[in-house]
J.: 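Before anything else, here's the structure in question.
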Amino acid sequence: MSQLVTLHEFIVRKQRDFPFASGELSRLLNDIALAAKIVSNDVRKAGLVDHILGAQGGQNVQGEDQQKLDVVADQAFINAFQNGGEVCGIASEENDDFLAFESQSAQNANYVVLFDPLDGSSNIDVNVSIGTIFSIYRRLSTCGTKAERQDMLQQGTAQVAAGYVLYGSSTILVYTTGNGVNGFTLDPAIGEFFLSHPDMQIPENGRLYSVNEGNLNDFDPQLRSYLAYCQTTANQTGKPYSGRYIGSLVADFHRNLIKGGIYIYPAVPSAPQGRLRLLYECNPLAFIAEQAGGLATDGKKRILEIQPTELHQRVGLYIGSKKMVEKAMGL
Ligand code: AFP
């Protein structure tokens, strides 16, 4: 039998590669794993528990209906960060403004986390995969003081780590610290994540394209012609690509990461800057895509080099297999 490696053991081994590491980032990753287990447990019983399933009744800062599970997940991660003591502040898709933690121990912490607690939450009521996406940065403000806005508005290239948890047919946590991408599947019976997808690499080319084709008439001619190519004789055998669109970015991205493919959500008249959030969705997934050998752009430039100016900034996203993204961009 091959040896099982837990997420915790894997993190400890990686930390040993850096003799001067303080262990803070390792502890933070373990905090994320703990929150992920709590949320996974809630997601698994969403259909059973009336107070969890359904809309919260409020709207988030983008005017979208908040699902109860959105709020539950947001709080689970915030609690994990506050209890863990490695994070001085957070920004989340569900909160209008960033939160600077008040305690002295938090003010002494070196990291901030930006996250989407439940991506694809409009899919909760129909039992479709959803996920948490996170991004970790070192703070820019002075240690010992409260976190500031500048800590949150850093370019994606400054990410120290990023990852996602997909609550799908199983729960999988995928992350990078800038040295490859690894995936860990949760064994729900014992509540432990095990290394299941070591050194993930996205195929250079794939045959899946993921786009909301309901927006086709709003796409620019370049993108329309790329989609026509996908639908006709795109691969070497002269067969069209297959369209796969879940409407849950984290699930669409994960599938394409494993099988090879491209996910596109461009700017459209109804979302002139794009629909997806730079800080909570695009930057973390772009970091993972690049670490796995793929590409992520807004259709013109590298996602990771976009300078954020607002917390809830949106951008277009072309992400996935390198050759497919290049072709979609007309390169
Ligand atoms: P929610 O988290 O609000 O459900 O948004 C999901 C999402 O940001 C992303 O996960 C999807 O890919 C995208 O929106 C779907 O958008 P369309 O419904 O416009 O295709």
Side-chain angles (χ1 to χ4, degrees), residues 39 42-43 46 52-77 91-96 114-135 162-168 172 174 208-219 223 227 243-257 261-286 288-289 296 298-299 303 311-320 325 328:
V39 174
D42 284 336
V43 167
I52 290 179
L53 183 66
Q56 171 84 343
Q59 292 194 323
N60 69 11
V61 66
Q62 284 116 21
E64 299 158 331
D65 287 341
Q66 276 186 311
Q67 301 290 315
K68 282 184 180 171
L69 261 179
D70 282 339
V71 179
V72 169
D74 195 41
Q75 205 51 57
F77 278 89
S92 139
E93 191 192 302
E94 293 304 321
N95 297 300
D96 299 9
L114 283 65
F115 63 103
D116 180 353
L118 265 193
D119 176 61
S121 54
S122 52
N123 288 318
I124 294 169
D125 288 357
V126 290
N127 260 33
V128 170
S129 300
I130 48 181
T132 300
I133 312 176
F134 61 90
S135 201
Y164 59 84
V165 187
L166 177 62
Y167 313 103
I172 182 166
V174 174
L208 300 177
Y209 72 98
S210 313
V211 67
N212 182 344
E213 287 185 300
N215 295 330
L216 189 69
N217 291 338
D218 290 330
F219 293 164
L223 179 53
L227 293 176
R244 293 282 185 278
Y245 189 73
I246 296 171
S248 183
L249 169 65
V250 61
D252 279 308
F253 175 80
H254 182 70
R255 183 202 51 244
N256 292 352
L257 174 63
I262 185 169
Y263 175 99
I264 303 174
Y265 208 118
V268 285
S270 58
Q273 310 305 322
R275 170 147 174 27
L276 303 169
R277 296 77 170 170
L278 174 61
L279 296 179
Y280 317 117
E281 295 171 310
C282 301
N283 270 339
L285 296 185
I288 293 168
D298 67 355
I303 290 289
L311 287 177
H312 296 285
Q313 188 167 333
R314 296 175 188 252
V315 286
L317 181 65
Y318 290 54
I319 191 166
V325 174

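Both ligands and their constituent atoms are indexed starting at 1 by order of listing. Throughout, numbering of the chain's residues begins at 1 and tracks the sequence.
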J.: Which ligand 1 atoms does R277 reach within 4.0 Å, using its non-hydrogen atoms?
T.: 8 (O)

J.: Below the 3.5 angstrom mark, is there an N/O of G120, backbone or side chain, next to an N/O of ligand 1?
T.: yes

J.: Ignoring hydrogens, what is the shortest heavy-atom contact between P266 and F219? Give both atom names and the distance.
T.: CG-CE2, 3.5 Å

J.: At less than 4.0 angstrom from any non-hydrogen atom of N212, what atoms of ligand 1 do you find?
T.: 17 (P), 19 (O), 20 (O)

J.: Need the ligand 1 atom indices (1-based, order shown) with element for anything under 4.0 Å from a heavy-atom of L249.
T.: 9 (C), 10 (O), 11 (C), 12 (O)

J.: Specify side chain, backbone, both or neither for N215, according to which of its non-hydrogen atoms lie closer than 4.0 Å to ligand 1.
T.: neither

J.: Just by distance, do the side chain of D116 and the backbone of E93 share a donor-acceptor pair under 3.5 Å?
T.: no

J.: So for ligand 1, is D116 a polar contact partner (N or O within less than 3.5 Å, distance only)?
T.: no

J.: Mark yes or no for whether S248, through its side chain, and S129, through its backbone, hold a donor-acceptor pair below 3.5 Å.
T.: yes

J.: Name the option, out of R275, E93, E281, that contains the heavy atom nearest to atom 16 (O) of ligand 1.
T.: R275

J.: So, using salt bridge (charged side-chain N to carboxylate O under 4.0 Å, His left out) as the criterion, who are the partners of R244 when residues are at least two apart?
T.: none

J.: Any side-chain donor-acceptor pair under 3.5 Å between S135 and N283?
T.: no

J.: Checking contacts here: is it the side chain or the backbone of Y263 that comes within 4.0 Å of ligand 1, counting heavy atoms only? Could be both or neither.
T.: side chain

J.: For S122, take its heavy atoms, then give the atoms of ligand 1 lying under 4.0 Å from any of them.
T.: 4 (O)

J.: Within ligand 1, which atoms have a heavy atom of G247 less than 4.0 Å away?
T.: 10 (O), 11 (C), 12 (O), 15 (C)

J.: Quick check: closest heavy atoms across F253 and L285, and the distance to 0.1 Å?
T.: CZ-O, 3.7 Å

J.: Are any of the N/O atoms on D252, whether in the backbone or the side chain, positioned under 3.5 angstrom from an N/O atom of ligand 1?
T.: no

J.: Once the angle between the rings of H254 and Y164 is folded into 0 to 90°, is it parallel (under 30°), tilted (30 to 60°) or perpendicular (over 60°)?
T.: perpendicular

J.: Run the salt bridge (charged side-chain N to carboxylate O under 4.0 Å, His left out) test against D119 and tell me which residues pass, sequence neighbours left out.
T.: none

